[in-house]
Structures are given as structure tokens and as C-alpha cells.
Amino acid sequence: MGWYNPTMALSKPPLLVPSNSWVLRGKKVIECRRNYPLIGRKKENLVGVHFVGCKGMLRLKVSASSGEGEEAEPGYIEEFSWSSVILPFIFPALGGLLFGYDIGATSGATISLQSPELSGMSWYNLSAVQLGLVVSGSLYGALIGSILAYPFADFLGRRRELIIAAILYLAGGSLTACAPGLGALLLGRLVYGLGIGLAMHGAPLYIAETCPSQIRGTLISLKELAIVLGILLGFFVGSYEIDVIGGWRYMFGFSAPIALLMGFGMWTLPPSPRWLLLRAIQGKGPLQEYKENAIGALSKLRGRPAGDKVSEKQIEDTIISLKTAYTDEEAEGNFLEVLQGPSLKAFTIGGGLVLFQQITGQPSVLYYAGSILQSAGFSAAADAARVSVVIGIFKSLMTAVAVLKADDLGRRPLLIGGVSGIALSLFLLSAYYKFLGSYPFVAVSALLLYVGCYQISFGPISWLMVSEIFPLRTRGKGISLAVLTNFGSNAIVTFAFSPLKELLGAENLFLLFGVIALLSLVFVVTSVPETKGLTLEEIESKILK
């Protein structure tokens, strides 16, 4: 019987496992005393394992078929302090908050912009096309930004990409707020959108590559919560400034100081250690130099002394894993490799999730939120801003559920349960508009069911899977394609909504979305793997190959 301290250095690459399972090096245990499955490297003829916990230390004894006891070395569980992971999460997450803020603030800004009394300018009489360009200008910029991220993201690195995104946010928000005419306003919206495209690419990358694996699901789900909180913030600022002359300038300009904070915060953070090691394996510089920089970055991210032995061991093990993974292969993938082999499998999973996230009708359902609540007799429905705040608060609460459960229940259960609820809610909305119009509680229940199920499934989990599923050497390009798929499908659904509504009617449109939701459920059940508790390197070696 022996004792194991989780802080000790291991002779082989560390295996990170969830708190309810343990790794037995060299042997795969079938079951243990609490019926917890154990993960192993190879299967041998074992009959069980006994473990005892004692103040952070673990004692294991394995019973083999020969009847002899054998000491086992459990998997390495990375120690970290929450204080050390807060800032490396918060500053990238501000990129998501600023994306959400643009969605929320634009709804109020368009009202102020078109008001003869409140716009504070002479060119308030905008045509439908001009107003559409103002609203969708940031979306076009985001599409361009995600395209630019494809060839340049790995060259820039995650940290510099987010710093550039913050500069674009700052420039776009300031230009929009101070715009002397429509041309400058549209240019500001486009520049702000470029920041969205880069931020939505770089933020999940940086968070996934720098945070401890056992809380990766929690933190990336929290990034989705940051987007929802940004929407809420935009709604609140819009409600506060709606009666102020030139209030739209304040609504757009409020993003500038947040962007400044994001840029300064990212400047103080180290680069992603995994990105540094990827550059070393790609031969972009001296291996020893990149290795030392990676050790220093990981030490800073975990709040450890500079060059500590634990960080050094982790970096050495990661280098071994990378060299093993890319033996006889070029470490830097070609331009189209993301559409080949393991990367294509990853893109099918991640791209499929963000595609279904949009084409199951999320923008359309929220479009109907005001009329649905009004039909149910809610007085708040008369005020679009207040209704939006109510929906936003509910979205935040449900996203918090995903944050708490992503690393507990896992990705697949949340996706399967949430998408099932989305399909049910869409069929209920179709039935309401077809023959249940006299029962408004059905519509309200379906609306809340849709919003809640979306926020525990497609909302946060899609981006979580996208951030962790791609192999390291194509991760930058893969996520840029996924972001492009997301914004592109968003644009298609947004532009096709009105013609489809006129052609099919609301009842048949929601029926169509419900059928698509069922198809997405089949996709999740058959194609989406469980990644809970796995390191990024384990996902690459065990799931994609």
C-alpha cells in the first residue's frame, strides 16, 4: 500500500481525470468500490481496485487475477488556485461581453437614431436599407474578421489577436459614437464587427488553452454567460439613454471604455503556453527559447513562482505529446488541412453544432417574444426594452445552469436534453399559431422552454465543443471556420426570415424549425462525443484518431 500526492511529478505525461474517476497507469480497471469507472492506457486482467481518500492524498491497492497486490499510480490532477484563473478568463471574456452588448444596445440605438426629436442630427430619416446596414454592419464586419482569422490567427497568437480585437472594438465604438454622418457611422459599425470576429475566435481559444482542464467546461460556458450579460447591459444602457437627445451616441460609445479595459488586461497576460509550444514544434524559432517562455507563461497563469518544477514538468510532457502526435507529419498544417482527416471530423462536430445553433430558429423565436408575451396579457410587452430585459435575465439564469453542470453532467447530456426541449417548444409554438391561439399560456411556456433549453445546450455547449475539439495544429483555422459558419448561418436565417414568414406563415415556419431541431438531435446523439474531464491532448489522441 502506498501514498500518492497529487503535486508530485510523474514520469509520463499527466492524465487529467474528473474527480469521480482515477487512472491506473498500464492497466485498465473495470470497476471500483463505488462503481466509478477508471480510465487506463491498456486493458489487463484485473478484478477491482480499492481506494481511500485522506486530505488530498490517495491510497490505492489493485487486486490482480494472480491474487497479488500491486501499487498503482493515479492520474495527475492539476492543482490551481481560483484567484490565478480569474484574470486569464475575465479579460478574454470581455470580448464576448462586448459582442453581446452590441446586440442589446443596437435595439435601443435604432429607435433613438430615427427619432426627429431625440436623434440630435439632421440625417435621422433613414431608409429601410440604410437602417438595415446600420443594424447588420457589425455582422458583416464579424464575417470579414472570422475570414481574416483563418490565415493569420496562428501567426498572431491568441493573446495578440485579442489585443487587436480590443483595439478594433475601441476604434469602432468611438467612431460610431462620434460619427458626423451616415458613412462614418457605417464604417464604425464595420470596424466594431471586425473586433467581434477576432474576439469570438480568440477568446475561446485562449481560455481553453490556458485554463485547467477540470474547469474548462465551466469557464467557456461562463464566456457564453458574458455574452448574455452583455446583451442585458446593452438593454439597460439603451433604456437609460432612450430619452436623451443623441442617446444613440452614448449607447454605442459605452463600449469604448470596456474595450480599453479588455486591451489593457490582455496586454498584462502571458501568451498561451500551448501556442508557444506549437510554434516551437513548427520550427518558428529555437525550441529552448519557446520552451522557457512557455514555462514562464504557465507559471504565471497558475500563480506559481517563475520557472517552478511543476510547470516545467507539464511543459516537457506536452512537448513529448506534441512530438509524438506529429511524428512523420508537418507540425504546421497546410491551408486546407482543416478539411482533411481528424481536423475534418472535428469541423464536422464543431461546425455542425454552431450551424444547428442558428438554423433551429433562435433569432426568429426571440423576434416573436414581444408579441407572444403581449398576447398572454403581460403589460411589460408594451415596452420592448423591458420585455427584452426580462428575457435576458431568464437567459442568464439558464446559462448559469450550464456553467454549473458542464463539467459535472458532461456535454452530451446537456445537449441531448436541451435540444429535445428546443424541438418540443418549436412544435408547441407552431400549434399555438395554428389552433391553440386561445391558450396564450401555451405560447409563453413554449417561449420560456425554448430560451431555457437553448441556454443550457446550443448556447454555451456549442462554443465549448468548438474550443476543445480541434487538433492543436489546426485549432486556429478550425475555430475561424466554425465562427464563419456561425455568423454566416446567422446572416442567412436573419435575411430569410421575413420572406419565409410571408411564404409559409408563422405556424409552418416554427414547424419547419422544429423538424430541423429533430435533425440536430439526431446529429448530437450520433456524432457528438463526450469530452468531459479530458485534456486537449487526450481529446486529440483518443477521439479524433
Inset, instruction - Can you measure from OH (Tyr192) to CG (Leu98) and round to the nearest 0.5 angstrom? - result: 4.5 Å
Inset, instruction - Say whether, by atom type as modelled, one donor and one acceptor occur between the side chain of Arg160 and the main chain of Leu156 under 3.5 angstrom. - result: yes
Inset, instruction - With rounding to the nearest 0.5 Å, note down the distance linking OG in Ser467 to OH in Tyr206. - result: 14.5 Å
Inset, instruction - Find out whether Thr348 and Leu344 are in side-chain contact, i.e. whether some heavy atom of one side chain is under 4.5 Å from a heavy atom of the other. - result: yes
Legend entry - Under 3.5 Å: donor-acceptor pair, side chain of Gln357, backbone of Phe458: yes
Inset, instruction - Test Phe155 against Glu161 for side-chain contact (heavy atoms from CB on, under 4.5 Å), laying out the working first. - result: CA-CA 9 Å; Phe155 168 74; Glu161 183 181 5; over 6 Å; no
Legend entry - Donor-acceptor pair, side chain of Lys532 and main chain of Asp408, under 3.5 angstrom: yes
Inset, instruction - Verify, without hydrogens or angle tests, whether Arg274 (side chain) and Glu209 (backbone) share a donor-acceptor contact under 3.5 angstrom. - result: yes
Inset, instruction - State, yes or no, whether a side-chain contact exists between Ser396 and Leu225 at a heavy-atom distance under 4.5 Å. - result: yes
Inset, instruction - Measure the shortest side-chain to side-chain distance between Leu287 and Tyr290 over non-hydrogen atoms and say whether it is less than 4.5 angstrom. - result: no
Legend entry - Nearest non-hydrogen partners of Ala482 and Val466, listed with the distance: CB-CG1, 3.8 Å
Legend entry - Test item: Pro460 and Val403 side chains (from C-beta on) under 4.5 Å apart, heavy atoms: no
Inset, instruction - Would you check, one step at a time, whether the test side-chain contact (heavy atoms from CB on, under 4.5 Å) holds for Arg475 with Leu536? - result: CA-CA 11 Å; Arg475 190 171 294 147; Leu536 298 179; 3.7 Å; yes
Inset, instruction - Answer whether the closest heavy-atom distance between the side chains of Pro92 and Met266 falls below 4.5 Å. - result: yes
Legend entry - Ser311/Arg304 under side chain to side chain donor-acceptor pair (under 3.5 Å): CA gap, chis, key distance, verdict: CA-CA 8 Å; Ser311 297; Arg304 302 168 184 156; 2.8 Å; yes
Inset, instruction - Compute the ring centroids of Tyr101 and Tyr169, then answer whether they are less than 6.0 Å apart. - result: no
Legend entry - Gap separating the CG atom of Leu190 from the CG atom of Leu139, nearest 0.5 angstrom: 10.5 Å
Legend entry - Where Leu170 and Ala259 come nearest, the two heavy atoms and their spacing: N-CB, 3.6 Å
Legend entry - side-chain contact (heavy atoms from CB on, under 4.5 Å) assessment of Phe470 paired with Ile539: CA-CA 8 Å; Phe470 285 97; Ile539 292 172; over 6 Å; no
Legend entry - Under 3.5 Å donor-acceptor, Arg159 side chain and Leu269 backbone: yes
Legend entry - Exam field: side chain His201 to backbone Gly476, donor-acceptor pair closer than 3.5 Å: yes
Legend entry - Atom pair CD1/CZ of Ile215 and Phe89 - distance to nearest 0.5 Å: 10.0 Å
Legend entry - Carboxylate-amine/guanidinium contact Lys309 Glu312, below 4.0 Å: yes
Inset, instruction - Might you point out which heavy atoms bring Ser174 and Ala256 nearest each other, and give the distance in Å? - result: OG-CB, 3.8 Å
Legend entry - Contact summary for Gly145 and Leu194, nearest pair of heavy atoms: N-CD2, 3.7 Å
Legend entry - Nearest non-hydrogen partners of Met200 and Gly96, listed with the distance: SD-CA, 4.2 Å
Legend entry - Flag side-chain contact, heavy atom, 4.5 Å: Lys223 against Leu219: no
Legend entry - Steps toward side chain to side chain donor-acceptor pair (under 3.5 Å) verdict (Arg189, Ser138): CA-CA 5 Å; Arg189 298 289 293 147; Ser138 59; 3.3 Å; yes
Inset, instruction - Compare all side-chain heavy atoms of Leu353 with those of Trp463 and state whether any distance is below 4.5 angstrom. - result: no
Inset, instruction - Examine distances only and state if a side-chain atom of Arg412 and a backbone atom of Val524 form a donor-acceptor pair shorter than 3.5 Å. - result: yes
Inset, instruction - Please tell me if the side chains of Thr210 and Pro273 come closer than 4.5 Å, counting only heavy atoms from C-beta onward. - result: yes
Legend entry - Nearest atoms (heavy-atom pairs only) where Ile422 meets Ala517: CG2-CB, 4.1 Å
Inset, instruction - May I ask you to decide if Ala208's main-chain N or O and Arg216's side chain share a donor-acceptor pair within less than 3.5 Å? - result: no
Legend entry - Distance (rounded to the nearest 0.5 Å) between Leu464 CG and Leu222 CG: 11.0 Å
Inset, instruction - Please answer whether the main-chain N or O of Arg411 pairs with a side-chain N or O of Glu530 as donor and acceptor at a distance below 3.5 Å. - result: yes
Inset, instruction - Test side-chain contact (heavy atoms from CB on, under 4.5 Å) on Phe264 and Leu260 and set out the steps. - result: CA-CA 6 Å; Phe264 176 77; Leu260 190 63; 5.9 Å; no
Legend entry - Interatomic distance, Gln455 atom CD to Ile461 atom CD1 [nearest 0.5 angstrom]: 11.0 Å
Inset, instruction - Check step by step if side chain to side chain donor-acceptor pair (under 3.5 Å) holds for Gln358 and Ser489. - result: CA-CA 6 Å; Gln358 296 298 322; Ser489 55; 5.2 Å; no
Legend entry - Whether Trp275 side chain and Asp154 backbone form a donor-acceptor pair below 3.5 Å: yes
Inset, instruction - Please work out whether the ring planes of Phe99 and Phe487 are parallel, tilted or perpendicular, with thresholds of 30° and 60°. - result: perpendicular
